[in-house]
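Just the heavy atoms: all of them, side chains too, but no hydrogens, waters or symmetry mates, feed the values below. Chain naming here is simple, since letters A, B, ... match the order of the sequence lines and numbering starts at 1 in each. All values derive from a computational prediction rather than experimental measurement.
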Amino acid sequence: MKRIYLDYAATTPTHPEVVAAMQPYFSEKFGNPSSLHAFGQEARSAVEQAREQVAKLINARPEEIVFTSSGTEANNFVLHGISFANKDKGNHIITSQIEHHAILEPCHFLEKQGFNATYLPVDKYGLVNPKDVEKALTDKTILVSIMHANNEIGTIQPIEEISEIIREKTYFHTDAVQTVGSIPVDVNKLGVDLLSLSGHKLYGPKGVGALYIKKGTRMESFIKGGGQERNRRASTENVPGIVGLGKAAELARKELNSRQKHLTELRDKLIKGVKNKIPEVVLNGHPELRLPKNVNLSVKYVEGESMLLNLDLEGVAASTGSACSSGSTEPSHVLKAIGLAPDLAQGSIRFSLGRLTTEDDINYVLDVFVKIVDKLRKMSPIYKGGA
Amino acid sequence: MPEGYSEKVMDHFRNPHNVGEMKDPDGIGHVGNPVCGDIMEMYIKVKDNVITDAKFKTFGCGAAIATSSMMTDLVKGKTLEEALKVSNRAVVEALEGLPPRKLHCSVLAEDALKGAINDYLLKTTGKGLPDWKPHEESEGH
């Protein structure tokens, strides 16, 4: 059976050139970068080359990049590191209601440790209003963390406008896990002090991420031990992973424009196709301020998981924001935050496209999706049209 | 298997049995609501106290669809008394299990059937099931 992967926002296949770049660093060039001998030094230079590659992709300085084990760790590092190093200045954190759990959960933890968090609402497109950030700022605010683009609905936040407001008042972090490698990301233009990214979201390997920390940022280390990563993050470096992330960053920089163009075209073709072929479908997220890879739709009268399973039976991998769990069907916190009606939130489906997605794939998906929705609507007690 | 569903669940999900509306049903059970979750409608035909036909419509996840399908299969040909003894656990067993967090879906199928029988009894005898009321769909909603 044909298999079509449209879940690139969950993870991406590692680029073959990335795998090739990593290969020597397992058995051949296996040294510990902290060792002074030749084995160590060849690993050290590979790590430093990767740091330059990552820095270049986001227009940072190499010494401002700290490698982590994931985007989640980078986010935890920020919340933990900024909060505990700046306790003397204040105890207030501002974030949004639609952040990834890797931000929200550390915030909940910090609230139990005596910190206060403000979770800003978003509009129906999932946008944070910069004025809300301004209103929420107090002299106790030590960190603002707003994601660059949302993983579920693809909405791209006005980070530059928010940074204008924050400038110099407090530290500003953005979780850019979904944007790095998808759209241009420039830490100086964005005006952020901290930025998280993840290897496996940009055709690099799993188990590696990075945090941009602007020079001069006062931050406590998160993982304590040896003096690696300029005392920012202890632990022997994941050399193959870091090399892979570096290569993935280099490829992303070279291919960024073509990837963006390719994905935007296919995204719009899929959205248009579904809207033309299926009545009563809503696009979740912003129509323009949107990741090129993201299509998030709510199909009326149909439940998300049943669409997902049917798509899977046809070889198409997608994702849903409605998770039927114990007790009741709870839509995701993101769909709730944009105020989507409960029945629409339950009928959500996300297709996320990637560099290997073809026009044929989109045609195939359109074809099977129409049939699946038709089948499910026919068995839906709340669908009164047709049949 | 997606979501940890058994092959039997996926069989019933892929090709649900007895799906669709019924013409002139003798009893209709309607449970659930769109705010809290899944919605299920079950229709039965009754002759000489025996369920001669059962059909359903479901808005819900894979487990909700599979349990509706299995429930209609299990009660066809049974007397009303026998059908009332078909518990949600029996449906789950016939489906070779459900992931724990999906078990509540089977309660909905049981409720829909009881609702349909209750409706039939109300219409024919003026008295519904003595102790029947649907389970709370979800507390706090």
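Side-chain N/O atoms of B/Lys47 and B/Thr52 include no donor and acceptor closer than 3.5 Å. Remark: the A/Thr11 side chain and the A/Lys206 side chain contain an N/O donor-acceptor pair separated by less than 3.5 Å. Neither side chain, A/Lys371 nor A/Asn310, offers a donor N or O lying under 3.5 Å from an acceptor on the other. A donor-acceptor contact closer than 3.5 angstrom is absent between the side chains of A/Asn75 and A/Thr72. In summary, the side chains of A/Gln178 and A/Lys293 do present a donor paired with an acceptor at a separation below 3.5 Å, with no hydrogens or angles considered.
Within residues 62-81 of chain B, the residues having any heavy atom under 4.5 Å from a heavy atom of chain A are, by residue number, B/Gly62, B/Ala63, B/Ile65.
Every residue was checked against the side chain to side chain donor-acceptor pair (under 3.5 Å) condition with A/His286, not counting sequence neighbours, and none meets it.
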